[in-house]
Q: 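Right, I'll just put the structure down here and ask away after.
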Protein chains: 2
Amino acid sequence: MRASCFAEVLGERIDLTSNEKAALARLEEKSRDIRRGAVLQRENEPSGDLHIVRRGLLMSYVLLDDGSRQILRFYFPGDMLGVPAMIYRESPETIAALVDSEVCPFDRAALSRLFEEHPRVATMILVLSQVERVALTDRLAALGRTSAKARVAALILDMRNRMAAQDKSITDTFSLGLTQEEIGDATGLTAVHVNRMLRQLEEDGLIAREGGRMTIRDQRALARAANYVDRYAGLELGWLPAAR
Amino acid sequence: MRASCFAEVLGERIDLTSNEKAALARLEEKSRDIRRGAVLQRENEPSGDLHIVRRGLLMSYVLLDDGSRQILRFYFPGDMLGVPAMIYRESPETIAALVDSEVCPFDRAALSRLFEEHPRVATMILVLSQVERVALTDRLAALGRTSAKARVAALILDMRNRMAAQDKSITDTFSLGLTQEEIGDATGLTAVHVNRMLRQLEEDGLIAREGGRMTIRDQRALARAANYVDRYAGLELGWLPAAR
DNA sequence: CGTGTCTTTGACGATTGTCAATGTACGTGG
DNA sequence: CCACGTACATTGACAATCGTCAAAGACACG
């Protein structure tokens, strides 16, 4: 088992000192298994711990008055969960596991100490929160201004790329791991229309599907259809404070 | 002129020490006027300075391949601009002034120093970035799952509340300061449909309009129509690190 | 083998977009 | 002061996208 998933994510961007690594490892001392479908944190209930994903796939979502659901974000190993909830008395969103997962809980005080003792790590946490912000604004633009087909294409590409970033064995053929209803709740569509869009993407030769697995047949065209931009490239971190 | 607009925003949440106040004032030593319609930072161009808004109203947006625009966020006095651009070599979004405005530029190194020397302020910057994140996810849910009328209602309420937070003299009658095309670009609608929705809200008795000014006639019903949640309430900041 | 979840498909309807025309306010230059 | 141009708001007719409803098929699991 790795010492710290979060440290691995940071370690891809900066060279961590052993002090920093030790501090990050303390965030992941405890760990907790969470079953597919289980809820880690529920909207409008008191905010609990923060978490780092060690294994699996989770999502955050909100429920609207009419019962419809909007999925806000998917979480992969190394991602930090519950940061928005940390600042509120009650959580603004629900976090649930899409597959059997493992998370490491820690409390706000631990994060607070990290900010005091390791300013470079603190800055990196702000940087990662901004990467997530840009991903959210990309999706905002997709929901506001692109077609259903483009939104589904963008979701497929984004999921593939985030899986591949975390598991090098992922290729153009992979298992999306989402139902069509979940794809719809993430893209602002109905499950029925998602089905139609998947079929169209298949007819256009951009993807292929069989038995729950999906193949990207024409990545270039899919990215064009999706207005896709890779937001994990092009980072500029030369200005970070010195390590401690 | 106030010493620091940003310090005022933070000061509403925590009691700042004089050291902290001095550090924040240094971010706003310089200042720059920017005219209505002028662009402060352009998408895909090298990222420049960060800014704090001292006066006026700005917005960030992205342009899509087909020429359509998605407005991501409006910025009021005391807001920090360009944080997403800071982490990239090239800016992911355009920032432009909606009215004649004044901003205070500072560079990434200044933010970096702030993180090293004032961990509590650093933590508050993360907190504010999370408030913004929650505002963005609220809008994501609005675009994905609510009707055109609800989105327009939500925009009206949000703008009013953010104006009132910054200028206590704002009442139920105020000037929105946006064209219907801008409202559409923020809500993912066309200008024509925004017009229809405004007329419907007026016919429903929720708002009144005359000569560019707008009156909220039934705030309760408007909030219900909009699924509105005030995200500046309910903050829980007892866990912040100690001040320096 | 039965049950539940998920996928697929068709028919129809509602919401929202597109196009085009007109109206209104405002500023600019003659 | 008036004519003109420009930006913005308003309205109607029509079209396209996407949602709703309903039914049937595929698949896994006990």
Side-chain angles (χ1 to χ4, degrees), chain A residues 35-37 64 66-71 96 98-100 141-156 175-204 207-214 225, chain B residues 35-38 64 66-71 96-100 141-156 175-204 207-214 225:
Chain A
R35 299 276 290 281
R36 170 185 154 80
L64 281 76
D66 63 356
S68 63
R69 175 174 73 167
Q70 176 66 50
I71 295 179
L98 283 157
V99 303
D100 291 350
L143 293 200
R145 289 298 186 209
T146 75
S147 68
K149 198 198 273 192
R151 292 184 230 168
V152 173
L155 181 133
I156 292 170
S175 170
L176 191 53
L178 301 176
T179 67
Q180 294 180 1
E181 186 175 357
E182 285 158 352
I183 298 174
D185 286 345
T187 54
L189 302 168
T190 58
V192 173
H193 205 61
V194 167
N195 186 282
R196 291 194 278 243
M197 295 302 104
L198 287 172
R199 188 159 49 78
Q200 278 194 29
L201 289 171
E202 196 166 21
E203 282 168 4
D204 295 348
I207 63 170
R209 292 180 298 154
E210 61 165 324
R213 293 179 69 77
M214 181 169 293
Chain B
R35 300 275 289 281
R36 170 185 154 83
L64 281 77
D66 64 356
S68 63
R69 176 174 72 167
Q70 176 67 48
I71 294 178
L98 283 158
V99 303
D100 291 350
L143 292 201
R145 288 299 186 209
T146 75
S147 69
K149 199 198 273 193
R151 292 184 229 167
V152 173
L155 180 131
I156 291 170
S175 169
L176 191 52
L178 300 176
T179 67
Q180 293 179 2
E181 186 176 357
E182 285 159 353
I183 297 174
D185 286 345
T187 53
L189 301 168
T190 57
V192 173
H193 205 59
V194 167
N195 185 282
R196 290 194 279 244
M197 294 304 103
L198 286 172
R199 186 159 52 78
Q200 278 194 30
L201 288 172
E202 197 166 20
E203 281 168 5
D204 295 349
I207 63 169
R209 291 181 297 155
E210 61 164 325
R213 293 179 71 77
M214 180 171 293

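All figures in this text were calculated on a predicted structure; none of them were measured in a lab. Per chain, numbering begins at 1; letters A, B, ... match sequence-line order.
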Q: Determine the contact category for A:Gly188: base if any of its heavy atoms lies under 4.0 Å from a base atom, sugar-phosphate if only primed atoms, P, OP1 or OP2 are that close, otherwise nothing.
A: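 A:Gly188: backbone/sugar contact only, no base atoms under 4.0 Å.
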Q: Does B:Ser147 have any side chain to side chain contact (heavy atoms under 4.5 Å, CB included) partners at least two apart in sequence or in another chain, and if so, which?
A: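 For B:Ser147 the side chain to side chain contact (heavy atoms under 4.5 Å, CB included) partners, ignoring immediate neighbours, are B:Lys149, B:Ala150.
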Q: Could you write out each protein N or O paired with an N or O of nucleotides 25-30 of chain D at a distance under 3.5 Å?
A:
none

Q: Mind checking side chain to side chain contact (heavy atoms under 4.5 Å, CB included) for A:Arg36 and listing every partner two or more places apart, or none if nothing turns up?
A: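 Once residues adjacent in sequence are excluded, the partners of A:Arg36 under the side chain to side chain contact (heavy atoms under 4.5 Å, CB included) criterion are A:Asp100.
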Q: Taking for each residue the nucleotide of DNA chain D bearing the nearest heavy atom, is the 5' side occupied by B:Arg36 or by B:Gly144?
A: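 It is B:Arg36, whose closest nucleotide lies nearer the 5' terminus.
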Q: Once side chain to side chain contact (heavy atoms under 4.5 Å, CB included) is applied, do any residues pair with A:Ala154, and if so which ones, sequence neighbours excluded?
A: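 A:Ala154 satisfies side chain to side chain contact (heavy atoms under 4.5 Å, CB included) with A:Ala226 only.
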Q: Please identify the 5'-most and 3'-most nucleotides of DNA chain C with any atom under 4.0 angstrom from a heavy atom of chain B.
A: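 Result: C:dT16 to C:dC19.
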Q: Could you state the interatomic distance from CD (A:Gln200) to CE (A:Met197), rounded to the nearest 0.5 Å?
A: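 So the gap between those two atoms works out to 4.0 Å.
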Q: Quick one, which residues of residues 191-204 of chain B touch DNA chain D with a heavy atom under 4.0 Å?
A: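 The answer is B:Val192, B:Asn195, B:Arg196, B:Arg199.
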Q: Distance check needed: D:dC18 C1' versus A:Gln180 CD, whole Å only.
A: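 Distance, rounded to whole Å: 16 Å.
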Q: Applying side chain to side chain contact (heavy atoms under 4.5 Å, CB included), name anything that partners A:Ala191, two or more places apart in sequence or on another chain.
A: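 If we apply the side chain to side chain contact (heavy atoms under 4.5 Å, CB included) test to A:Ala191, skipping adjacent residues, the hits are A:Glu181.
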Q: Starting at atom CG of A:Asp66, determine the distance to atom C1' of D:dT20, rounded to an integer number of angstrom.
A: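 So the two atoms are 14 Å apart, to the nearest Å.
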Q: What does the 5'-to-3' dot-bracket notation of DNA chain C look like when only Watson-Crick and G-U wobble pairs under 3.5 Å count, and pairs to other strands show as |?
A: ||||||||||||||||||||||||||||||
Q: Does the B:Ser68 side chain pair with the main chain of B:Leu64, one donor and one acceptor, at a distance under 3.5 Å?
A: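 Answer holds: no.
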Q: Report the residues that fulfil salt bridge (charged side-chain N to carboxylate O under 4.0 Å, His left out) with A:Arg213, sequence neighbours left out, ordered by chain and then residue number.
A: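 Expected list: none.
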Q: List for me each residue that meets salt bridge (charged side-chain N to carboxylate O under 4.0 Å, His left out) alongside A:Arg145, sequence neighbours excluded, and say none if there are none.
A: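 Here the qualifying residues are B:Asp185.
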Q: For B:Arg209, check salt bridge (charged side-chain N to carboxylate O under 4.0 Å, His left out) against everything at least two apart and list the hits.
A: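 Residues passing salt bridge (charged side-chain N to carboxylate O under 4.0 Å, His left out) with B:Arg209: B:Glu202.
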Q: State, yes or no, whether a side-chain contact exists between A:Met214 and A:Leu201 at a heavy-atom distance under 4.5 Å.
A: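 Side-chain contact under 4.5 Å: no.
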Q: Which heavy atom in A:Ala148 sits nearest to a heavy atom in A:His193, and how many Å separate them?
A: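 Answer, listing the atom of A:Ala148 first, then A:His193: CB-CD2, 3.6 Å.
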Q: Can you check the A:Glu181 CD to D:dT20 P distance for me, whole Å?
A: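 Result: 12 Å.
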Q: Which of these, B:Leu189, B:Val194, B:Thr187, sits in a side-chain contact (heavy atoms from CB on, under 4.5 Å) with B:Leu155?
A: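 Among B:Leu189, B:Val194, B:Thr187, the one that satisfies the side-chain contact (heavy atoms from CB on, under 4.5 Å) with B:Leu155 is B:Thr187.
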Q: For B:Glu210, enumerate each residue passing the salt bridge (charged side-chain N to carboxylate O under 4.0 Å, His left out) test, keeping only those at least two apart in sequence or located in another chain.
A: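 If we apply the salt bridge (charged side-chain N to carboxylate O under 4.0 Å, His left out) test to B:Glu210, skipping adjacent residues, there are no hits.
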Q: To the nearest angstrom, how far is A:Arg145 atom CZ from D:dC18 atom P?
A: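 It is 13 Å, rounded to the nearest whole Å.
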